[in-house]
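Below is one structure, written out as structure tokens; comments come after it.
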Protein chains: 2
Amino acid sequence: MAKVSSMRSNSREKILDAAAHLVSEIGAGRLTLDAVAHRAGISKGGLLYNFPSKSALLQGMVQRIIDEVCAEKDQLRSTMPEGPNAEARLIVTVLLNMRSSKTKDLANGILAASAEEPELLAPVRDIVRQTFEELKSRSDDLDAALIGWLAVEGLSSFEMHDFSPFTEQDRKRIIAAVDRLLRNGKV
Amino acid sequence: MAKVSSMRSNSREKILDAAAHLVSEIGAGRLTLDAVAHRAGISKGGLLYNFPSKSALLQGMVQRIIDEVCAEKDQLRSTMPEGPNAEARLIVTVLLNMRSSKTKDLANGILAASAEEPELLAPVRDIVRQTFEELKSRSDDLDAALIGWLAVEGLSSFEMHDFSPFTEQDRKRIIAAVDRLLRNGKV
DNA sequence: GTCTATAGTCCGATAGAC
DNA sequence: GTCTATCGGACTATAGAC
């Protein structure tokens, strides 16, 4: 049921959880090894055994959100019905699910890496490029697909930085409009 | 022709320029007073005379991009023709102009503040909320206006983090599609 | 108004015991 | 595998000369 590998090295998961939570609590640039260790309930030495450097910790945070998003996408792909711009609608759904409790914090890894070591975001850049390629080759209406994708990226960006001015009702309305755009080419 | 106030305190402008450039060169979290002072051609003491703390410097960077964007919006408002969803098309145009050499670097102030002191982004949050209110009260087609706005925010977000996979041609195509969406309600 | 020098703090990483 | 203790470097901010 659960991944076998998720039982391996429980400390790593605890540490990554702590780091992800801390970013939203104190800010990406204030993430220190001391703070992460304390929040994870271990010592700084214990942390540095699992992640030999702060850079390695940030890299682990970035990889974790990428793995989670890819897994969710694969899982959704089999259950989502076909239809116009199916690929774009899949991507949009995955992005919007990211706000749910679990994945929301994981996305903080991107903020932390962006603040401290932007080079670590190369895998994210690759995902974006790959998403664009998939949309180009699999969209019924590329213009609508790109606008729908970018609109949800914009919404996610707002939510990641706590800029979103939208109520839950506003959000539902926007999502419905994006879906209409992807299905019919108009809002 | 030029703003009278821009001759006042030339050092401040030099410092803000240096800080903005540095963010894209070395990363938001590596912005230090030493580096800014060196890049601006003054000493750290001279810097701290103009900005009494690093927090004040970050605040100055945030305010500068806000002022620039608001000024550009006001200027564009008088020259842009009317038409469907005029307010949304105005906002979209301002956001897209931000990529131009001058304003692009200014936007780095947001990255720097986000990394070090996210509280300083409150004015940005206010602008987002205000933009939403304006769109709600002045749009012919709110759904289209919101999607167009969010799509361009998504594109800007990609470009700000150097995630954009789009060629210049792709970008023009996307902008054209957004404009069609705002004018006609369909892509 | 800008400089140099330095105080004081925080943090990442290492060393070695258990 | 996790701990404590500590080193060494980097950074913000202050003090005072010019």
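FYI, side chains are in, hydrogens and waters are out, and symmetry mates aren't considered; it's all heavy atoms of this structure. In what follows, every chain begins at residue 1, and chains take the letters A, B, ... in the order their sequences are listed.
Other residues, nucleotides and ligands place no more than 12 heavy atoms under 6.0 Å from the NZ atom of B/K186. A 6.0 Å sphere centred on NE2 of A/H38 holds no more than 12 heavy atoms belonging to other residues, nucleotides or ligands.
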Show me, pair by pair, the donor-acceptor contacts under 3.5 angstrom made by side chains of residues 114-125 of chain A, not counting sequence neighbours?
| unit_1 | atom_1 | unit_2 | atom_2 | d |
| --- | --- | --- | --- | --- |
| A/E116 | OE1 | A/K54 | NZ | 3.1 |
| A/E116 | OE2 | A/K54 | NZ | 2.6 |
| A/E117 | OE1 | A/S55 | OG | 3.0 |
| A/E117 | OE2 | A/S55 | OG | 3.0 |
| A/E119 | OE1 | B/R30 | NH2 | 3.4 |
| A/E119 | OE2 | B/R30 | NH2 | 2.7 |
| A/R125 | NE | B/D162 | O | 2.6 |

Under 3.5 Å, sequence neighbours excluded: what are the donor-acceptor pairs made by side chains of residues 141-152 of chain A?
| unit_1 | atom_1 | unit_2 | atom_2 | d |
| --- | --- | --- | --- | --- |
| A/D141 | OD1 | A/D143 | N | 3.2 |
| A/D141 | OD1 | A/A144 | N | 3.2 |
| A/D143 | OD1 | B/R173 | NE | 2.8 |
| A/D143 | OD2 | B/R180 | NH2 | 3.1 |
| A/W149 | NE1 | A/E153 | OE2 | 3.2 |

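Remark: C1' of C/dG1 and CZ of B/F51 are 14 Å apart, rounded to the nearest angstrom. Counting to the nearest Å, the P atom of D/dC11 and the CD atom of B/E116 are 11 Å from each other. Across the protein-nucleic acid pair, B/K54 atom NZ and D/dC11 atom C1' stand 8 Å apart, rounded to whole Å. A/H38 places its NE2 atom 17 Å from the C1' atom of C/dC10, with the value rounded to the nearest Å. Rounded to a whole Å, the CZ atom of A/R12 is 12 Å from the P atom of D/dT2. Taking atom CG on A/L57 and atom C1' on C/dA13, their separation rounds to 14 Å, with Å as the unit. In this structure, A/D34 atom CG and C/dC11 atom C1' are separated by 7 Å, rounded to whole Å. In this entry the distance linking OH of B/Y49 with P of D/dA15 reads 17 Å, nearest Å.
In this structure, a donor-acceptor pair under 3.5 Å is absent between the side chains of A/D126 and A/Q130.
Considering every non-hydrogen atom in both B/D170 and B/P165, the closest pair reads OD2-O, 4.3 Å.
Within residues 14-33 of chain B, the residues approaching DNA chain D are B/L31, B/T32, B/L33, by heavy-atom distance under 4.0 Å. Taking a 4.0 Å limit (strictly below) on heavy-atom distances, residues 39-48 of chain B reaches DNA chain D at B/K44, B/L48.
B/N50 comes within contact range of the sugar-phosphate backbone alone, with a heavy-atom separation under 4.0 Å but no base atom that close.
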Going through the checks in order, is the salt bridge (Lys or Arg N to Asp or Glu O under 4.0 Å) test met by B/K102 and B/E72?
CA-CA 12 Å; B/K102 187 184 170 189; B/E72 200 161 335; over 6 Å; no
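Comparing the start and finish of the helix from C/dG1-D/dC18 to C/dC18-D/dG1, five pairs each, the helix axis swings through 0°, to the nearest 10 degrees.
Between B/S11 and C/dG1 there is no side-chain polar atom (N or O) within less than 4.0 angstrom of OP1 or OP2. For the OP1/OP2 pair of C/dG12 and a distance below 4.0 Å, the side-chain nitrogens and oxygens of A/S53 include no atom meeting the criterion.
Within the model, atoms CZ of B/R89 and CE of B/M80 stand 4.5 Å from one another, a figure rounded to the nearest 0.5 Å. The line from CD of A/E159 to CE of A/M98 is 9.0 Å long, rounded to the nearest 0.5 Å.
Looking at A/N85, its side chain never comes within 3.5 Å of a backbone N or O of A/R183 through a donor-acceptor pair.
Judged as a side-chain contact (heavy atoms from CB on, under 4.5 Å), and not counting sequence neighbours, the contacts of A/R64 are A/E13, A/L16, A/D17, A/L106.
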